[in-house]
Amino acid sequence: MSWGSPCNLKVIAWYVCRVFDYERALLVLPNGGSMKEMNLSRRSFLGAAGVAAAGLGLVGCGGGSGSGSSDSGSGAAAGATGGGTLTAGSAYSTQNYHPSSTSSALALSTNWNVVEGLYGLDYHDYSTFPELADGDPTQVDETHFEVKLRADAKFSDGNPVTAADVAKSFERCTAEGNVYIPMLAPFASISAKDDTTVAIETTVPNFGLIKERLAIIRVVPAAASDDELTKQPVGSGPWMYSSISDSEVDLVPNPNYNGEHPAKDNALNFSVLKDATARVTAQQEGTTLVSESVPADQIDQLKAAGCTIDTVQGFGTRFMMFDIAKAPWDNVKVRQAVMYALNYDQMITNALSGMAAAPKSYLPETFTNFHEASTVYTYDPEKAKSLIEESGITPGDITLLTTDNDQVVAMSTQIKQDLDALGFNTTIQSDTSAATYANIDQGANAYDLLLAPGDPSCFGADPDLLLNWWYGDNIWMQTRCPWKDSAEYTKLHELMDQALQTSGDEQQDLWNQCFDLLAENVPLYPVLQVQTTTASWGETPNAEGVTVSGFKGIGTTGLSFTDVATAQ
């Protein structure tokens, strides 16, 4: 078709007007705003316009078909699913993408798309599904299992996935000092029986959570160096990394993927937008199709723009930890007094805009294995004062450490007020997570109380895993709390060990006893259990007519894009 046809001339004229409008907008910005506040950068705008204009030579006025692409997923034909670009706004950042050691919310989220385990987790309900495994494990005897690999599975570099890669990945996950070790304690060994058969030995007879725990081990090439895996890992998943920087993580389809959940789009982009205002603005304007961690006070704003809002109660906690190595925190009555002194409703309303729940147990009420603990802490100042009297201590000067998490900092003001009302003189000291834990990890009674966020449910949701994250034989209980040498800790682990060897009602009863014991002793315990809110252009299209099909928010940090695609 000639560029001089009437239809093409009209379309060209339309794009010229759009460019003119953009240039004019650069000159007159409302309220003295800067170019950074514009919906699109000049490069993004002209890039999208140029791509669309280039496609004019391929598409006729009255119909026909063609293809193109743009930075926001408009490359698919009208009415089609896939063929565009999925875009996401991440609330987190990291420089460690190593699938065998990272605990970063961003890296875990992006790795879900790139690096497979033998099994994967559906984070909407924590059910398992085969990834590299060809079906369920075969049980050889009480402590031995075998798993066959998916036929012809390959890494994105073209090399076949072998059982030796699985074995090496387990070795990486359990290297000295790795935070994954307590979660993988039920595995005595993982080795290669042959190239396509993984042999597993467990420390727990008839281990019923084998698939859930194998999902933690993400399989990477045995030949890859730790430095390579930290910067940009190679995997066998539906996507592969194209580039990673401090501000953007770009993925493209893995041409060698042969599993059941292929990528349907041309690209998947995560923009690192730690600032909540920047993240909400990008979502409202349609620059991102999905945005995580939407602040409660901006939900209505995104709803009004047309976004779909998913709010899910998750495990994510804002927890209190005591240095029980020193007085008065070595006295359980004092710890209980603190928990009864806290005004939970005020914190939920003022610090989290209603997007949280006061705990009735270590697990949220929405979790399958929830059990209301024998001790449930509510705001009861008189009971708190009574416990202080029973303890025999005289409240004095204390320091409340907090990380710089916005919600935690907001909660700390109320907590100081509540503790001061109990007779303490509380000083708040806030810092980054890294600096806060570096201070605590020095030991030598470096703090009194810590208020911080945590959410191990990004690794799974079975009670044993969630219990082991903080109460395992690790730095939390050895140094930070430290509670490991107590009789109560020993009893807790006796119950946990018994629970792993049982199932059904008997297993649940043992976990219930664990929850009761923790609620009574509160060495480290949830103050609030938060809800996670995600926004997406799921029903209403963004300004470029694009929606995201199949997306639903999850209750933990990160974004799940399995079987999700753009739609026109």
Side-chain angles (χ1 to χ4, degrees), residues 34-51 68-75 82-99 102-115 156 227-235 237-255 263-294 307 458 534-537 542-544 546 548 551 557-562 564-566:
S34 70
M35 283 179 62
K36 291 182 180 179
E37 296 169 333
M38 294 290 292
N39 181 7
L40 295 171
S41 69
R42 184 178 191 278
R43 179 173 60 85
S44 298
F45 179 85
L46 293 181
V51 168
S69 64
S70 81
D71 288 343
S72 59
S74 60
T85 298
L86 284 167
T87 51
S90 173
Y92 306 95
S93 65
T94 188
Q95 292 184 330
N96 176 20
Y97 289 83
H98 200 314
T102 189
S103 58
S104 156
L106 174 59
L108 287 168
S109 184
T110 58
N111 280 345
W112 291 339
N113 305 284
V114 173
V115 188
S156 58
D227 184 59
E228 291 169 334
L229 294 170
T230 298
K231 292 178 180 177
Q232 189 166 309
V234 169
W239 296 88
M240 56 185 281
Y241 287 112
S242 172
S243 64
I244 296 176
S245 70
D246 289 341
S247 60
E248 304 283 337
V249 180
D250 292 307
L251 291 75
V252 294
N254 173 9
K264 299 177 183 178
D265 281 298
N266 297 332
L268 171 55
N269 166 265
F270 290 78
S271 292
V272 178
L273 300 169
K274 294 177 64 178
D275 178 74
T277 300
R279 198 165 61 253
V280 170
T281 299
Q283 182 65 24
Q284 182 177 6
E285 295 176 344
T287 306
T288 54
L289 290 170
V290 177
S291 182
E292 71 176 331
S293 192
V294 177
C307 289
C458 53
T534 310
S536 64
W537 292 97
N542 69 359
E544 296 188 2
V546 182
V548 58
F551 178 84
T557 52
L559 299 165
S560 175
F561 284 108
T562 302
V564 172
T566 58

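Owing to the predicted nature of the structure, the values given are computational and were not obtained by experimental measurement.
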Taking only residues two or more places apart in sequence or in another chain, which ones pass ring-ring contact (aromatic ring centres under 6.0 Å, His included) with F551? F561

Once ring-ring contact (aromatic ring centres under 6.0 Å, His included) is applied, do any residues pair with W112, and if so which ones, sequence neighbours excluded? Y123

Output all residues satisfying side chain to side chain contact (heavy atoms under 4.5 Å, CB included) with [X], sequence neighbours left out; order by chain, then residue number.
X    : answer
V114 : W239, Y241, L251
S271 : E248, N269, L273
A105 : Y92, T557

Less than 4.5 Å apart, side chain to side chain, heavy atoms only: is that true for [X] and [Y]?
X    : Y    : answer
S104 : N96  : no
L106 : V272 : yes
V290 : T87  : no
T566 : L289 : yes

Main-chain N/O of [Y] paired with [X] side-chain donor or acceptor, under 3.5 Å:
X    : Y    : result
T288 : G89  : no
N254 : P238 : no
D265 : A267 : no
E292 : S90  : no
N111 : V115 : no

Taking salt bridge (charged side-chain N to carboxylate O under 4.0 Å, His left out) as the test, write out the residues that go with D227, two or more places apart. K231

Say you draw a straight line from [atom1] of [X] to [atom2] of [Y]; how long is it, rounded to the nearest 0.5 Å?
X    : Y    : atom1 : atom2 : result
T85  : D250 : OG1   : CG    : 9.0 Å
Q283 : C307 : CD    : SG    : 4.5 Å
F270 : T110 : CZ    : OG1   : 6.0 Å

Restricting to non-hydrogen atoms, name the atom on S291 and the atom on R279 that form the minimum distance, rounded to 0.1 Å. OG-CG, 3.1 Å

